There are 4 protein chains.
Amino acid sequence: MSFQISAEFIADSNRALEADLARDYEALGLRLARQGIDIEALTQRAQAFALAVPSWGVGTGGTRFARFPGQGEPRGVHEKLEDCYTIQQLSRVTPTVSLHFPWDRPSDVAALREQAVVFGLGFDAVNSNTFQDAAQQPYSYKHGSLTHNNLSVRQQAIEHNIECIRLGQQLGSRALTVWIGDGANFPGQHNLRQALERYLGSMWEIYAKLPDEWLLFIEHKLFEPSFYATTVADWGTSFACANELGPKAKCLVDLGHHAPNTNIEMIVARLVQFKKLAGFHFNDSKYGDDDLDSGSINPFQLFLVFNELVDAELRESGRFQPAYMLDQSHNVTDPIESLIGSAIEVQRAYVQASLVDRRALLGYQSDDDALMSARTLKRAYNTDVTPILDMARLRSGGALDPIACYRASGYRKQKASERPSVAGAGGSGIV
Amino acid sequence: MSFQISAEFIADSNRALEADLARDYEALGLRLARQGIDIEALTQRAQAFALAVPSWGVGTGGTRFARFPGQGEPRGVHEKLEDCYTIQQLSRVTPTVSLHFPWDRPSDVAALREQAVVFGLGFDAVNSNTFQDAAQQPYSYKHGSLTHNNLSVRQQAIEHNIECIRLGQQLGSRALTVWIGDGANFPGQHNLRQALERYLGSMWEIYAKLPDEWLLFIEHKLFEPSFYATTVADWGTSFACANELGPKAKCLVDLGHHAPNTNIEMIVARLVQFKKLAGFHFNDSKYGDDDLDSGSINPFQLFLVFNELVDAELRESGRFQPAYMLDQSHNVTDPIESLIGSAIEVQRAYVQASLVDRRALLGYQSDDDALMSARTLKRAYNTDVTPILDMARLRSGGALDPIACYRASGYRKQKASERPSVAGAGGSGIV
Amino acid sequence: MSFQISAEFIADSNRALEADLARDYEALGLRLARQGIDIEALTQRAQAFALAVPSWGVGTGGTRFARFPGQGEPRGVHEKLEDCYTIQQLSRVTPTVSLHFPWDRPSDVAALREQAVVFGLGFDAVNSNTFQDAAQQPYSYKHGSLTHNNLSVRQQAIEHNIECIRLGQQLGSRALTVWIGDGANFPGQHNLRQALERYLGSMWEIYAKLPDEWLLFIEHKLFEPSFYATTVADWGTSFACANELGPKAKCLVDLGHHAPNTNIEMIVARLVQFKKLAGFHFNDSKYGDDDLDSGSINPFQLFLVFNELVDAELRESGRFQPAYMLDQSHNVTDPIESLIGSAIEVQRAYVQASLVDRRALLGYQSDDDALMSARTLKRAYNTDVTPILDMARLRSGGALDPIACYRASGYRKQKASERPSVAGAGGSGIV
Amino acid sequence: MSFQISAEFIADSNRALEADLARDYEALGLRLARQGIDIEALTQRAQAFALAVPSWGVGTGGTRFARFPGQGEPRGVHEKLEDCYTIQQLSRVTPTVSLHFPWDRPSDVAALREQAVVFGLGFDAVNSNTFQDAAQQPYSYKHGSLTHNNLSVRQQAIEHNIECIRLGQQLGSRALTVWIGDGANFPGQHNLRQALERYLGSMWEIYAKLPDEWLLFIEHKLFEPSFYATTVADWGTSFACANELGPKAKCLVDLGHHAPNTNIEMIVARLVQFKKLAGFHFNDSKYGDDDLDSGSINPFQLFLVFNELVDAELRESGRFQPAYMLDQSHNVTDPIESLIGSAIEVQRAYVQASLVDRRALLGYQSDDDALMSARTLKRAYNTDVTPILDMARLRSGGALDPIACYRASGYRKQKASERPSVAGAGGSGIV
């Protein structure tokens, strides 16, 4: 039997921290009450918040220069699920897992579904992979996949995506995320328009195979692995394609996939307005698709994204349900720790955004009072909502200090002995 | 009578250069013939190429820090037209002028039309201005124009745009370009979605007033004068709005209005594909909306833009007619010289792009031969087409060395005495 | 007699807020005590913190497109000083003013000094201006000032800087800040090396005239008003020049003067290490030199800058005294409100950075524990130190809610009647 | 015996092209003569131009997402040298090779030296590698190398660098290039100053071991593999460190290692002025360290870099000898083809820059004639110097159409059979 952290261990580790939390929670509650805010309502919102963990995130990531593996890394989808369960156990905000095929293709689908049930985990969007060549694959994606000028290559990529849908159906997923690295490294390598025409042709075939309740998420990215022209490079292209494909096609926003200086929260507002926001791949970055821990570089930007999302939630009432997922590469930390911490940082931004006094804000906006409008957001942002996040976690059965609890549990050491590293397996650096 | 350069003066100045041109043209013709290219067909293409000069470009520009005026600057629309005529006389690629209201609002429309006829000039798209407060204007645009939350402000801005259409009709224009600086300097200042909803509401009213043959050009810009969130900031927003408005609304691309690292030629390809390319404001830049002379910073990018345009021209045959305009700010040069030079650089990119062996390129692309695809473009780009440009200018009645001819003509000195500078008029720095 | 807000009015406006502050301060004090932090020591640090207000910041700013003036703008240096006094009265963190010549050249130096004494204000670094042409100036700076290839122009610019030192001496300043816009808009316009050689030649002459206690601050900027190559464009050039000039020359960091994606806190660390950090011009930005309110766009970056400064303060003990100044352009807000708010945001970052548990941090860094290192910073940053800032302000005689107090005082309306706007004075847009 | 392209094959392949070249060369010669330029002097300059090929460049590169290997890739340093020889044979501008240890550590140094002699190749700067963990290495570089807080790790990295010097001495190199990926992915992970202090401490030990004639090249890079703070991130840091270390330490410029919008030619001018320019790693890029073929994205920038270098060459006369190397990653092309093409593009920029009329340029600069200054550069840049490059290659024994000749030779197919791919060797993606 593989090692798991027990509920008792978590409860024990919480005990010493509960009194201080009670005091801090009460003090914050009084302060918020003076602003007319009910802390209990916020705590319930925090408890209801959920985001998916990417299966590939629990392994150590790397760069094209190197990958420095950690100890006890999961060697297959079942071990990945164990780690995802641990993240959910401690954080209580990550009840679902997003799988990536063929990496996570199970030999026994029923067994995987079963394991998820035992862990209380669900499956979020499934992800296809046509940016690498799988073993035994007849055609290479070196020069493209869904956009390749050779019909056979495109057909292979289309069929892989359809297989992802089929696997996802068996697991209870309801969306397919398509990210391709297709593009050109040289001016002239692609006829830019023909490449997108072929992309749309391929996507129509995939779209046609979507089950009734399913959505198709288009993920754009400015650059990497293509360095001159990426076929689906920006939200404009993503949006135009989603329009061409139909109502089940929507645009997924990864926070690290934009040009420098881009106002991402405005892209969110635009996609909401035009009914095309699929959801998010959360992470943080300073330069490119750095895939750093969410909220670690620009936490105010994360808050501003959620400011749009909470605004949309209020305007759209129940119909607004974007998909939230972490998508990070953990090169120098224990991935489990980074994912726990990041999930809570995303939750923090959501709670802070829920604090915004939107009636006052609207008034200031109507009065052209830029200063007080800005201060209304900053007041919410400056509020230290840690006690709310802690209380939500406590009430949901998670750990008050999840990192400390995780470390004290010895989980990683246990896994290091359960999962001996495979000789030569370290080299890939693939995220 | 105001001073003009005579056709004889130009012809005289050309004489000494014609023999060398004949030799260079012949040598290039032989070289191109070896590639199966007919130099005469290219020269005819060069002669047929045309772009508009912006009326505001003939004055010295400035920055928010200062404006350093030059001598003999035009003091009104009639003097601007004189300068535009000089540019066309010497370059023979700028047969039209783009006006900006209320700056260029004529006291006597018929007189302006008459002057243009005498000069052989036509009027390109007209431009509205709601980023400045005009004297006697009831409402200020400090906090927005077409997006303002106050209906009266929006109405004022809408009516100004409708007046621009009316003036344009009287002058023979067929398009209205709408660029607004509306946006926010602070997170929270705008509800990002409501701002765009108001924008669309305003634009619908303007769109409804478009005469039959007219088009509405939407110009986006990443930032400046708004520094946090610009309402129409990127091609995605421009495209979504053009879609909402209808078939007469199209997207105008200014080369300096994008985020760092943006692949502009790909935006061109996308807008062509989705039938929404209005045309261009040509200039060059290194940092932001620097409004430098076309081709002065990244001439290969300009070539790649025209590579898309020539490709589109071939695919769309006669139906592809984007509007080409220069839009530059000349802070340290004589504006007439910069506009002449820039017009010819744009023409150079067009001729170079016309040299691309598109059949060979398609073959290389089909073979996944990235290297030879790239070299096919570079071969065209590396060709020094100066003799073709010179011959086209000579045949069309322009100057072989337009800058030298302009300087020798004494035009600027003549204007300095004809147009004494108005005391205190220098301060605006507005471009 | 001109209107001033009275101490009584401030005290009255504070009264209703004091009880809540006492409660919040106590709760925060208890929480910090659990971390071994003495809230009183922090409050004293907050009270001791000071930064300068720029005289030009109290007027409404603008862009090259337009300036939309506000009401009651100061019409000269004496009225600017009134506004600076109001900012200091309410915020109690801005005891000094930084003047800009020739804009602020007083007709009567003694009277200006006297006014400052009455207001309890001191004078920070003085700023020269060679990016504009002053009336009656023999030579234009259109093509450069300290770098101009004409010796007479350089000499005029050098003498202006020396005059600034002389004026500063009479006012009690101890530093000269030199920012020039010199550079090129075209490749080839400057010989890049010769331009810097001439700059150094000019700066040596200015440096030679520095009084004993004075420092010379070099301010670099990536672009604007020059758009291809700015002579002093980056910290590397600034640093090399400061090295050439000698120990009194140091490098000033403006937060908005860097390339996209630049890690500014690392530049701060480098300048500290190599003994060349002069100080700061604080503001915030998203695109270029946007000059937005400090902390309004990326507050975590501001915290990280102060994290370096507090680290340096501890390592260098008493010898570390960088100059802090706001440098913002207020285009859509009341400048007094923006400056008050911004001063407090800078103070907030300083107090948050003072909260970092540096002993624990060093331990995590030594253990290669990236996650806990990062969390140690975030824990300090997430702490809502508003009660400390408020208490510091209260104890120093400022306003608990400075914006509300300012608005209630009617200051702006009073000034609007005291300072009727000068006809035609509005156009400049100069920041 | 391994396959090589014979001199006869090259000569044969040239024969059909020589007559056209003679015509084009003559026409260009006449045209240049009119400008007072001697084409023969330029051709000799082109023949004298040389740059090094990186040993790692002849293998197919990749990204963190995937590597798609080509056929016949070299499996060790001897096979890499074969490919470098082929590049030099055909291009005649790459007489030296730059090795990277431990990748290229020879089992028999004498045999490697011998092979180079046979090929007529020399060895340029040697490169150390502390961004990957080598097999059997006692300490990991996961958390740093020369900056690591553990002395043992630093010592291991220092000793590796000293070993590189020793190997380089045996091979006839005269410089060591040090690039480290050290840095932080999280704010707080590093004490930014301590990290650089440790770096300098390590570098002093390496510097102390430099043989008399050797130089130490410091290579900076903005980001990747570190994504928050890279210890040697910009030219300012590189320059400060080179100053600290002494006269043998100089700064190496890789064209892809800068922030967006950086003016690289100005950095070149600064390093020349302050006597710290080591040399270049040439490549091209649009987004980050894209490592694309030189001149493929922004050829005008490459020309402007050489404009500075030719200017420096004239000012410094014989003492100016920067090291030139290609450093590219070839993900979708045959690396040999890309390196041949890139070497010639760099040579093209050098010849174009040699065409600039520097006396006229100085005159325009002195007259503040920005327009004619810019046109003086553009006139040289627009000149199609292909006939000069071709003639230089022909006279030096290279191929007139090197790509066509290479393809016709069957080299790659020969190597594919000589060098069967090693099973499982494909995964690394390391560049």
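Below, read A as the first sequence line, B as the second, and so on, with proteins coming before strands; counting in each chain starts at 1. Here the structure is a predicted model, which is why all the values come from computation and not from measurement.
Closest of all the heavy-atom pairs between C:Gly288 and B:Phe223 is N-CE1, 4.4 Å.
Only the side chain of C:Ser338 has a heavy atom closer than 4.5 Å to any heavy atom of chain B. Within the 4.5 angstrom heavy-atom criterion, only side-chain atoms of C:Ser140, from C-beta onward, approach chain B. Of the two parts of C:Thr333, only the side chain, counted from C-beta on, holds a non-hydrogen atom closer than 4.5 Å to a non-hydrogen atom of chain B. Proximity to chain B is limited to the side chain of C:Pro260, based on heavy atoms less than 4.5 angstrom apart. Heavy atoms of C:Asn261 lying under 4.5 Å from chain B are absent altogether.
Between B:Arg64 and C:Asn331 the shortest side-chain heavy-atom distance does not fall below 4.5 Å.
Here C:Val332 is the residue among C:Ile297, C:Asp293, C:Val332, C:Leu222 with the most heavy-atom pairs under 4.5 Å with chain B. If you tally non-hydrogen atom pairs under 4.5 Å between each of C:Lys142, C:Lys286, C:Glu224 and chain B, the highest count goes to C:Lys142. In terms of heavy-atom pairs under 4.5 Å with chain C, the best-connected choice from B:Tyr141, B:Phe227, B:Tyr228, B:Phe186 is B:Phe227.
With a 6.0 Å radius and a threshold of 12 heavy atoms from other residues, nucleotides or ligands, C:Gln71 has its CD atom at or below the threshold.
Interatomic distance, CG of B:Asn185 versus CG of C:Asp291, reported as 10.5 Å (0.5 Å rounding).
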